[in-house]
Amino acid sequence: MNTNPESGVLQHGRSRKVVKRSNCGHPVKFASQKCGRSVHLESPLEYDLAIQLEFDPSVILFQEQPLALKIEYNGKIRTVYPDLAVCKDDGSTLIIEVKDAKKASQQEVIEKFELERQVLVSLGYDFVVMTDKEIRGTIQHKNSSKLLPYRRLVIGSILREKVLGALAWRPMSLGEMLQEVPGVTLDLLKACIAQSVITTDLTQIVTLQSIVQPLRRNSKLSENQMKIWERRCL
């Protein structure tokens, strides 16, 4: 089900077919509620990043293989396909290359990514390389993985209103919510987080002391983001 009104912008935006790369594992599909579709990823490492983007409240949408980018390397024009593009609620667009840490440390790869960064920054993008060291084993990754099953738990409209009503005046801890909201359970509160009704800091271990508040963010793509997304082949 398409739950994001802006997801149509990126719905069919892959620059090329997702393929199996050597030493990267098999392609993986991720059913993203945020994007309103299945996201086609080239490796389990990209999948581990995607689930974190799914629950990151600052992310409006993300797109795999978003651009065909021309760069000049060693006197030759090459076409590169960045792994992911992320539209943030501050109006910025982040391009992410996902690489194994060992491969990312190779000089040739570093040089290619620097050329890629220069071109992308000149076009209005932010750019970052993320490796397994930044993606896996973090608290955010563990929290996001645990939230995945809660996307399927049904939250009734009455309970949703009760949860948001309790948070209308101030943020509360999960423990306080259990005491203040009749009929709510910890599983239902986790479902509210997973389904973007409320939010908490997923970079910290989630406990009964974790503070939650309604998710308030800009859910529209900025004018600059819209212009960037219209430019598929650079």
Side-chain angles (χ1 to χ4, degrees), residues 1-7 28-39 44-62 84 86-92 94 96 130 132-222:
M1 180 178 179
N2 189 336
T3 59
N4 191 318
E6 295 298 324
S7 61
V28 183
K29 290 183 181 180
F30 172 57
S32 169
Q33 291 184 353
K34 180 171 284 186
C35 298
R37 63 182 180 84
S38 289
V39 178
L45 186 58
E46 287 185 20
Y47 173 88
D48 287 342
L49 176 58
I51 64 175
Q52 295 177 60
L53 299 175
E54 181 80 1
F55 298 117
D56 186 336
S58 70
V59 172
I60 303 175
L61 291 170
F62 55 96
L84 290 163
V86 180
C87 285
K88 307 294 286 290
D89 64 356
D90 63 0
S92 65
L94 175 65
I96 304 177
M130 297 190 71
D132 45 304
K133 291 182 179 179
E134 291 85 34
I135 296 171
R136 288 179 173 160
T138 65
I139 293 175
Q140 186 173 1
H141 177 230
K142 292 176 182 177
N143 283 333
S144 299
S145 299
K146 290 178 181 178
L147 283 175
L148 273 176
Y150 292 97
R151 297 188 306 168
R152 298 191 296 269
L153 191 62
V154 176
I155 307 169
S157 59
I158 294 177
L159 182 62
R160 183 187 297 256
E161 290 176 4
K162 287 181 178 179
V163 168
L164 293 175
L167 295 169
W169 300 104
R170 66 178 180 90
M172 292 187 184
S173 69
L174 287 172
E176 288 177 303
M177 292 293 290
L178 291 173
Q179 295 178 348
E180 295 290 332
V181 183
V184 77
T185 65
L186 186 57
D187 281 348
L188 285 170
L189 288 174
K190 289 179 179 179
C192 285
I193 296 172
Q195 297 174 40
S196 300
V197 177
I198 59 178
T199 185
T200 191
D201 184 0
L202 294 179
T203 65
Q204 303 295 320
I205 297 173
V206 176
T207 68
L208 291 179
Q209 286 71 49
S210 296
I211 300 298
V212 295
Q213 57 187 340
L215 178 58
R216 299 186 180 97
R217 71 176 179 204
N218 171 27
S219 61
K220 299 289 184 180
L221 298 181
S222 68

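Residues: numbered from 1 along the sequence shown. Everything numeric here is computed off the predicted structure, so don't read it as measured data.
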Practice item. Search all heavy atoms of V181 against all heavy atoms of A166 and return the closest pair with its distance. Key: CG2-CB, 3.7 Å
Exercise for review: Identify the heavy atoms of T138 and I135 that sit nearest to each other, and give their distance.
Suggested key: OG1-O, 3.6 Å
Practice item. Measure the CG-CD1 distance between L202 and I193 for me, rounded to the nearest 0.5 Å. Key: 7.0 Å
**Study point:** Minimum heavy-atom distance between L53 and F62, given as atom pair plus value
**Key:** CB-CD2, 3.8 Å
**Study point:** From CA spacing to verdict: side-chain contact (heavy atoms from CB on, under 4.5 Å), L189, L174
**Key:** CA-CA 8 Å; L189 288 174; L174 287 172; 3.9 Å; yes
Revision key, fill the gap. Rounded to the nearest 0.5 angstrom, the OG1-CD distance for T203 and Q52 is 11.0 Å
**Study point:** Criterion side-chain contact (heavy atoms from CB on, under 4.5 Å) on M177 and Q179, from CA distance to verdict
**Key:** CA-CA 5 Å; M177 292 293 290; Q179 295 178 348; over 6 Å; no
Point to revise | Residue pair E180, K162: steps toward the salt bridge (charged side-chain N to carboxylate O under 4.0 Å, His left out) verdict | key: CA-CA 10 Å; E180 295 290 332; K162 287 181 178 179; over 6 Å; no
Point to revise | Atom pair CG (L215) and CD (Q195), whose distance is rounded to the nearest 0.5 Å | key: 12.5 Å
Point to revise | CG-CG distance between L45 and D132, expressed to the nearest 0.5 angstrom | key: 6.0 Å
Point to revise | Minimum heavy-atom distance L164-P214, with the two atoms named | key: CD2-CB, 4.0 Å
Exercise for review: Take E54 and S32, measure what side chain to side chain donor-acceptor pair (under 3.5 Å) needs, and give me the verdict at the end.
Suggested key: CA-CA 7 Å; E54 181 80 1; S32 169; 2.6 Å; yes
Exercise for review: Check the pair T200, N143 against side-chain contact (heavy atoms from CB on, under 4.5 Å), reporting the backbone distance first and the verdict last.
Suggested key: CA-CA 11 Å; T200 191; N143 283 333; over 6 Å; no
**Study point:** Over all atoms of both residues, closest heavy-atom pair of S210 and T207
**Key:** OG-N, 2.8 Å
Practice item. Taking S144 for its side chain and Q140 for its backbone only, find out whether a donor-acceptor pair lies under 3.5 Å. Key: yes
Review point. Atom CG of L159 and atom OG of S157: how far apart are they, to the nearest 0.5 Å?
Key: 9.0 Å
Review point. Within the side chain of E176, is there an N or O that forms a donor-acceptor pair under 3.5 Å with the backbone of S173?
Key: yes
Check your understanding: In terms of heavy-atom contacts, does CG of L208 have more than 12 from other residues, nucleotides or ligands at under 6.0 Å?
Key -> yes
Review point. With distance as the sole test, does K34 use its side chain to make a donor-acceptor pair with the main-chain N or O of V59 at under 3.5 Å?
Key: yes
**Study point:** Pair K29-V39, side-chain contact (heavy atoms from CB on, under 4.5 Å): steps then yes or no
**Key:** CA-CA 6 Å; K29 290 183 181 180; V39 178; over 6 Å; no
Point to revise | Residue among L167, D187, I198 satisfying side chain to side chain contact (heavy atoms under 4.5 Å, CB included) with C192 | key: I198
Exercise for review: For the residue pair Y47 and F30, categorise the inter-ring angle as parallel (less than 30°), tilted (30 to 60°) or perpendicular (more than 60°).
Suggested key: perpendicular
Practice item. Drop me the distance from L49's CG to R136's CZ, to the nearest 0.5 angstrom. Key: 10.5 Å
Review point. Which atom pair, heavy atoms only, marks the closest approach of S222 to G91?
Key: OG-O, 3.3 Å
